[in-house]
Amino acid sequence: MTSLLIKNARVVVTMDDTRREISNGGVYIIDNVIAEVGLSADLPQTADEVIDATGHVVMPGLINTHHHMYQSLTRVIPAAQNGELFNWLTNLYPIWANLTPEMVQVSTQAAMAELILSGCTTSSDHLYIYPNGCQLDHSLQAAQEIGMRFHAARGSMSVGQSKGGLPPDRVVEDEASILRDTQRLIETYHDSSRHAMQRIVVAPCSPFSVSRDLMRESAKLARSFGVSLHTHLAENANDIAYSREKFNMTPAEYAEDCGWVGHDVWHAHCVQLDDDGIYMFARTGTGIAHCPCSNMRLASGIAPIRKMLDAGVSVGLGVDGCASNDSGHMLGEVRQAMLLQRVGFGPDAMTARQALEVATLGGAKVLNRDDVGALKPGMSADIVMFNLKQIGYAGAWHDPVAALVFCTPSDVTFSIINGRVVVREGQITSIDLPGVMERHNRLAHQLAEAAR
């Protein structure tokens with residue numbers, strides 16, 4: 001048994017049932033579980049490791065509910081810097097067709113390092129393209145090495161251009177093969193236990209890249225194993241038009257028709273979800289991953305998150321793919337979520353604390369977890385610390401919690417994931433980050449050149 005004590009925090013943001021914020025607080029951890037949270041003076045005074053959090057905000061690790069980590073290899077590709085979703089995808093599919101297993105592994109670690117340094121401790125990733133021997137196993141192995149809590153979504157595309165879909169035929173898969181491999185991954189890697197570090201998610205890419213049969217069979221497979229379901233839905237106006245033309249339904253109606261509603265389902269984006277869809281999601285417990293930066297980057301619109309939350313919809317936050325956001329900074333995404341709701345729906349549409357709650361408790365609920373997202377006894381020891389003693393927070397100590405969101409997003413000083421110190425004094429301890437970055441940049445160049 002090992003113990004870790006965090007003490008003397010400027011404030012501990014618990015996100016517990018009463019949303020306590022504890023000045024001069026601390027957290028006491030035994031192995032990988034939080035044992036006590038409270039005033040530093042009331043906690044045990046010794047431990048195997050003691051971290052002095054003077055001048056820091058200590059809070060639950062942020063939870064990223066939607067990402068495409070392989071896309072970190074194709075940031076700011078000139079041909080995809082402008083244009084809406086379908087145009088953007090059409091320009092990038094030919095490049096992604098040249099992905100290799102090494103590229104998937106290295107891009108996963110680079111993307112996870114960026115997330116971890118920005119305060120994220122749990123992330124989902126939606127990998128839906130598998131050329132040249134790529135497998136989800138390569139992402140899972142990378143996550144295990146870096147030490148991130150991981151929900152690996154086995155994405156898929158099965159309807160190519162010749163069948164009326166958006167992706168080129170050379171990047172789609174046979175549906176029977178998709179289902180077999182998804183079952184293999186669940187049986188090999190999925191951990192349903194409390195404090196699990198890896199879980200598998202069943203995740204056909206989108207209504208415009210898979211068939212109705214695959215959507216339905218995927219739902220049956222997921223529920224037979226008790227795992228979650230994830231896809232893209234109602235991202236922009238073209239997405240709505242495609243659904244009406246192909247299925248004579250709104251995206252929400254199509255999701256319901258395929259069995260894709262319920263507490264075990266969450267959909268990315270839902271920017272254009274109509275009122276009937278919002279109330280259906282609230283009634284059925286269906287979750288949403290809100291991706292504000294990507295939605296702005298692709299001019300998809302402003303998701304009505306305030307209306308969704310007021311209706312009782314479960315909403316988490318996602319950075320989305322690194323090629324549609326060009327950033328994977330989770331705290332930065334929290335800030336944008338707050339600001340974008342204000343742009344769309346008024347200055348009181350979202351507070352700083354509400355944005356942080358979406359990124360912690362909201363993300364946990366969307367991912368069907370009750371062991372992350374808050375600091376209280378019995379929860380997983382996923383804790384991040386932000387240093388207020390830097391220029392970006394000068395003059396902002398009136399409200400240190402709000403400062404994290406209103407001020408320029410910073411990186412963590414410490415990150416503890418499952419009781420393990422993964423970032424110490426601003427440096428990742430689990431991987432050789434400079435080496436990963438060197439490989440990543442070399443492979444990104446190689447990938448872009450292969451498509452010329």
Side-chain angles (χ1 to χ4, degrees), residues 64 66-83 88-120 123-148 150 152 155 171 291 293-294 297-298 318-333 408-412 415 422-452:
N64 179 34
H66 186 64
H67 209 335
H68 307 291
M69 295 182 182
Y70 75 90
Q71 291 180 13
S72 62
L73 295 160
T74 52
R75 283 173 162 156
V76 298
I77 291 288
Q81 290 180 13
N82 305 308
W88 175 86
L89 283 169
T90 301
N91 283 312
L92 286 169
Y93 280 139
I95 299 176
W96 297 336
N98 295 295
L99 282 169
T100 65
E102 182 186 12
M103 291 174 182
V104 170
Q105 190 269 337
V106 173
S107 62
T108 299
Q109 286 204 339
M112 286 186 169
E114 184 177 17
L115 286 170
I116 290 169
L117 287 168
S118 71
C120 183
S123 184
S124 175
D125 184 49
H126 192 187
L127 181 61
Y128 55 78
I129 187 167
Y130 295 90
N132 311 311
C134 293
Q135 294 182 305
L136 191 58
D137 307 63
H138 302 121
S139 294
L140 286 154
Q141 291 157 9
Q144 287 174 341
E145 182 179 348
I146 200 170
M148 186 167 222
F150 190 34
V171 297
C291 306
C293 285
S294 175
R297 159 78 145 83
L298 298 175
V319 299
D320 200 13
C322 293
S324 65
N325 184 333
D326 308 285
S327 170
H329 200 289
M330 194 64 192
L331 187 60
E333 205 73 31
T408 302
S410 64
D411 285 350
V412 297
S415 176
V422 175
V423 176
R424 187 184 300 276
E425 300 292 352
Q427 302 297 313
I428 287 190
T429 62
S430 54
I431 60 169
D432 171 20
L433 186 54
V436 169
M437 291 171 59
E438 187 280 326
R439 288 175 66 200
H440 188 269
N441 284 324
R442 173 171 48 82
L443 292 168
H445 177 74
Q446 181 181 318
L447 183 61
E449 287 298 307
R452 290 185 185 276

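The basis for the numbers below is simple: all heavy atoms, side chains too, and nothing from hydrogens, waters or symmetry mates.
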> Of all heavy-atom pairs between V436 and A110, which one has the smallest distance, and what is that distance?
CG1-N, 4.0 Å
> Could you walk me through whether E114 and S327 satisfy the side chain to side chain contact (heavy atoms under 4.5 Å, CB included) test, starting with their C-alpha distance in whole Å, then the side-chain angles of each, then the deciding distance to 0.1 Å, before giving a yes or no?
CA-CA 8 Å; E114 184 177 17; S327 170; 4.1 Å; yes
> Compare all side-chain heavy atoms of Y130 with those of L136 and state whether any distance is below 4.5 angstrom.
yes
> Passes side chain to side chain contact (heavy atoms under 4.5 Å, CB included), V423 versus D411? Steps please.
CA-CA 10 Å; V423 176; D411 285 350; over 6 Å; no
> So, N64 versus E333: side-chain donor-acceptor pair below 3.5 Å or not?
no
> Under the side chain to side chain contact (heavy atoms under 4.5 Å, CB included) rule, collect the residues that match up with R442, sequence neighbours excluded.
E102, E438, R439
> Please examine the side chains of H329 and L331, heavy atoms only from C-beta on, and report whether any two atoms are closer than 4.5 Å.
yes
> Is there a side-chain contact between M69 and S123, using heavy atoms and a 4.5 Å cut-off?
yes
> Okay, side chain of N325, backbone of V319: is any donor-acceptor separation there less than 3.5 Å?
yes
> At their closest point, which heavy atom of G133 faces which heavy atom of P101, and how far apart are they?
O-CG, 3.6 Å
> Is the CD atom of E449 crowded by more than 12 outside heavy atoms at less than 6.0 Å?
yes
> Within a strict 4.5 Å, meaning less than it, do heavy atoms of the F150 and S139 side chains meet?
yes
> Side chain to side chain contact (heavy atoms under 4.5 Å, CB included), that's the test. Do T74 and L92 meet it? Break it down for me.
CA-CA 8 Å; T74 52; L92 286 169; 4.3 Å; yes
> With a 4.5 Å heavy-atom cut-off, do I146 and I116 have their side chains touching?
yes
> Within the structure provided, determine whether S430 and E145 are in side-chain contact (heavy-atom separation under 4.5 Å).
no
> I'd like to check W96 versus L89 (side-chain heavy atoms, cut-off strictly below 4.5 Å). Are they in contact?
yes
> State whether a side-chain donor-acceptor pair under 3.5 Å links H66 with D320.
yes
> How about H67 and M330: do any of their side-chain heavy atoms sit closer than 4.5 Å?
no
